[in-house]
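Structure record follows, encoded as structure tokens.
Residue numbering restarts at 1 for every chain, and letters A, B, ... go by the order of the sequence lines. Remember, it's a predicted structure, so these values are computed and weren't measured experimentally.
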Amino acid sequence: MIKLENVTKTYPSQTRPALQDLTLSLGSGDFVFLVGASGSGKSTFLRLLLREERPTSGTVHVAGKNLARLAHWKIPAFRRQIGCVFQDFRLLPNKTVAQNVAFALEVTGSDRHKTAVVVPEVLDMVGLKGKENRMPDELSGGEQQRVAIARAFVNKPMLLIADEPTGNLDPATSIGIMKLLDRINRLGTTVVMATHDAAIVDTMRRRVVELDRGNLVRDQARGVYGYAQ
Amino acid sequence: MRPRFVLTELLNGLRRNLTMAVAVVVTVMISLAFVGASILATDVANTMHKRYYGKFEVAIYLQQNISPAEQTALEQQLTSDQQVKAYMYIDHAQALANFKQEFAGTPALVNSVSDASVLPASLQVQLKDIKNYQDIVAEYGNQPGVDQVFDPQMYLKPLFNLIDGVKVLAVVVAIVAGAAAILTTFNTIRLAAFSRRREIGIMRLVGASNFTIQLPFVLEGVIAGVVGAVAAGGLLVLFKRFVLDTTLHDFFATGSIPPVAWHDVGGVMPWLALSGIVAAAIASYFTSLVYVRV
Ligand SMILES: Nc1ncnc2c1ncn2[C@@H]1O[C@H](COP(=O)(O)OP(=O)(O)O)[C@@H](O)[C@H]1O
Ligand SMILES: [Mg+2]
């Protein structure tokens with residue numbers, strides 16, 4: 001599903017690489033936590049998978065495609081296979097819950113009929129049934145993140161990328177979001193989630209990849225957040 | 001891409017940037033109005049050219065007291081002249097008739113000529129090559145019985161210069177206003193892209209094509225082009241009605257410069273619309289390209 005070989009990323013303005021000589025593969029259907037202190041390179045890693053950034057050296061394969069060889073005009077079609085969720089939700093404030101989710105379908109060319117069927121389905125799945133016509137500012141943080149997850153999932157992506165999705169949420173709400181991501185994973189979607197929420201990583205007991213100043217320092221199946229001494 | 005979705009996005013965009021949209025429309029309008037003016041000036045110059053250089057290009061005016069022998073000699077010389085294609089004798093009566101027809105718009109002028117003998121008889125000469133008219137002037141100017149050789153070019157030159165001046169001015173203003181329109185379009189799209197940066201960011205993340213992302217910008221440009229073209233057409237109509245037909249009425253009434261007809265103004269409109277739409281679409285396509293980079 002995802003394969004990185006000797007990937008180094010140095011931003012143009014920086015001298016120290018954000019990621020250094022990273023070699024890693026993630027299987028289809030995996031649930032992987034990406035942990036590490038702030039600035040360790042988690043977001044950079046996720047942006048490489050999305051082809052938002054290109055590595056300075058090394059190769060990135062996602063879904064059998066070498067992203068370095070992906071033509072510019074093929075990037076949109078590539079991204080339709082990937083869902084994204086962020087700490088700040090990134091909802092459109094002037095659209096309702098249903099419209100926010102439908103947006104992802106509309107701008108990728110789905111017909112109205114499909115949108116009318118799929119959007120309520122997905123909103124039901126994330127637990128927002130009955131709140132279709134609310135505006136984002138009428139929702140709690142956890143509910144807003146559910147809208148974002150619904151939008152990321154509405155195209156049935158094979159990969160879901162979550163960059164600190166619980167970063168703005170309280171622990172109880174976070175548990176609900178994690179249950180939802182776990183459910184999406186069990187439906188067959190690969191999930192890569194960057195976080196520095198130790199409690200979540202410890203309770204989920206999934207694969208943990210740890211970065212430290214751009215270096216891969218740990219790759220552990222069924223890991224916990226910190227080193228078990 | 002759902003049409004209704006595109007339309008809502010479009011209306012939202014226009015509402016958000018109404019002042020800038022107005023600025024674009026105004027600059028497009030000014031630019032296109034002057035494009036139209038330069039087309040009309042070209043039309044007028046062409047009509048004038050046809051009218052004056054149509055058949056007989058040089059007129060040899062004869063003295064009142066020319067003898068039949070002198071006239072015969074002149075006509076023989078013209079017949080054998082290699083540069084002359086054809087000539088025609090216009091007597092006093094014919095000269096008056098032509099005069100009355102040409103200045104039908106100014107009865108005062110027509111009525112002032114009571115006697116046909118006031119207008120000189122002439123030999124209207126058509127040349128094989130109009131460029132050689134100077135030779136005719138030199139050859140026939142001093143012949144006995146010739147009053148003067150009249151070169152219409154000498155007389156028309158100031159008029160053509162005037163029209164050319166108007167044309168050049170209109171083209172220059174059209175170019176300057178066109179540059180202003182492009183800069184305003186650029187700035188408008190920059191602002192629109194900024195106010196839509198959330199949408200654009202999300203569109204890119206969920207995999208919307210560049211076409212989808214750019215479409216609202218290009219459509220906004222096209223709408224500005226259409227509205228600008230319609231407004232420019234209105235401006236030309238007002239210009240004809242209140243400047244050409246009113247303020248400059250007497251100037252055209254002399255008949256030297258052919259007046260601009262309504263169908264001339266109407267004929268310019270499709271070109272204004274076409275150039276407005278194409279230019280606005282191209283400008284907004286390339287400007288928005290900068291802001292939708294994946
Ligand atoms: N767009 C950028 N330009 C320059 N440097 C960047 C950029 N994004 C991130 N960095 C740098 O790269 C390093 C890793 O950042 P990031 O991937 O955001 O880490 P994390 O998500 O783990 O906090 C940091 O030192 C950060 O300052
Ligand atoms: Mg980060």
Under the salt bridge (charged side-chain N to carboxylate O under 4.0 Å, His left out) rule, collect the residues that match up with Arg190(B), sequence neighbours excluded. none
Residues two or more places apart in sequence or in another chain: which of them pass side-chain hydrogen bond (donor to acceptor under 3.5 Å, both in side chains) with Thr56(A)? none
Around atom CZ of Phe34(B), are there more than 12 heavy atoms of other residues, nucleotides or ligands at under 6.0 Å? no
May I ask you to check whether over 12 heavy atoms, not counting those of Lys156(A), lie within 6.0 Å of atom NZ? yes
Let me check something: any side-chain donor-acceptor pairs from residues 37-44 of chain A under 3.5 Å, sequence neighbours excluded? List them with distances.
from	atom 1	to	atom 2	distance (Å)
Ser40(A)	OG	Ala37(A)	O	2.7
Lys42(A)	NZ	Gly36(A)	O	2.8
Lys42(A)	NZ	Ala37(A)	O	3.1
Ser43(A)	OG	Asp163(A)	OD2	2.7
Thr44(A)	OG1	Tyr11(A)	OH	2.9

Of the non-hydrogen atoms in Ala208(B) and Thr108(A), which two are nearest, and what is the gap between them? N-CG2, 4.0 Å
Indicate yes or no for a side-chain donor-acceptor contact from Arg198(B) to the backbone of Leu91(A) under 3.5 Å, with no hydrogens or angles considered. yes
Is the count of non-hydrogen atoms from other residues, nucleotides or ligands lying under 6.0 Å from His61(A) atom NE2 greater than 12? yes
Side chain, backbone, both or neither of Pro157(A) within contact of chain B (heavy atoms, under 4.5 Å): neither
Evaluate whether atom CH2 of Trp262(B) has more than 12 neighbouring non-hydrogen atoms of other residues, nucleotides or ligands under 6.0 angstrom away. yes
What are the two closest heavy atoms between Arg80(A) and Val206(B), and how far apart are they? CG-O, 3.4 Å
Ignoring hydrogens, what is the shortest heavy-atom contact between Leu205(B) and Arg79(A)? Give both atom names and the distance. O-CB, 3.8 Å
Check each atom of Phe78(A) against the heavy atoms of chain B and say whether the ones under 4.5 Å are side chain, backbone, both or neither. neither
Proximal to chain B - members of residues 131-155 of chain A, heavy-atom separation under 4.5 Å: Arg151(A), Asn155(A)
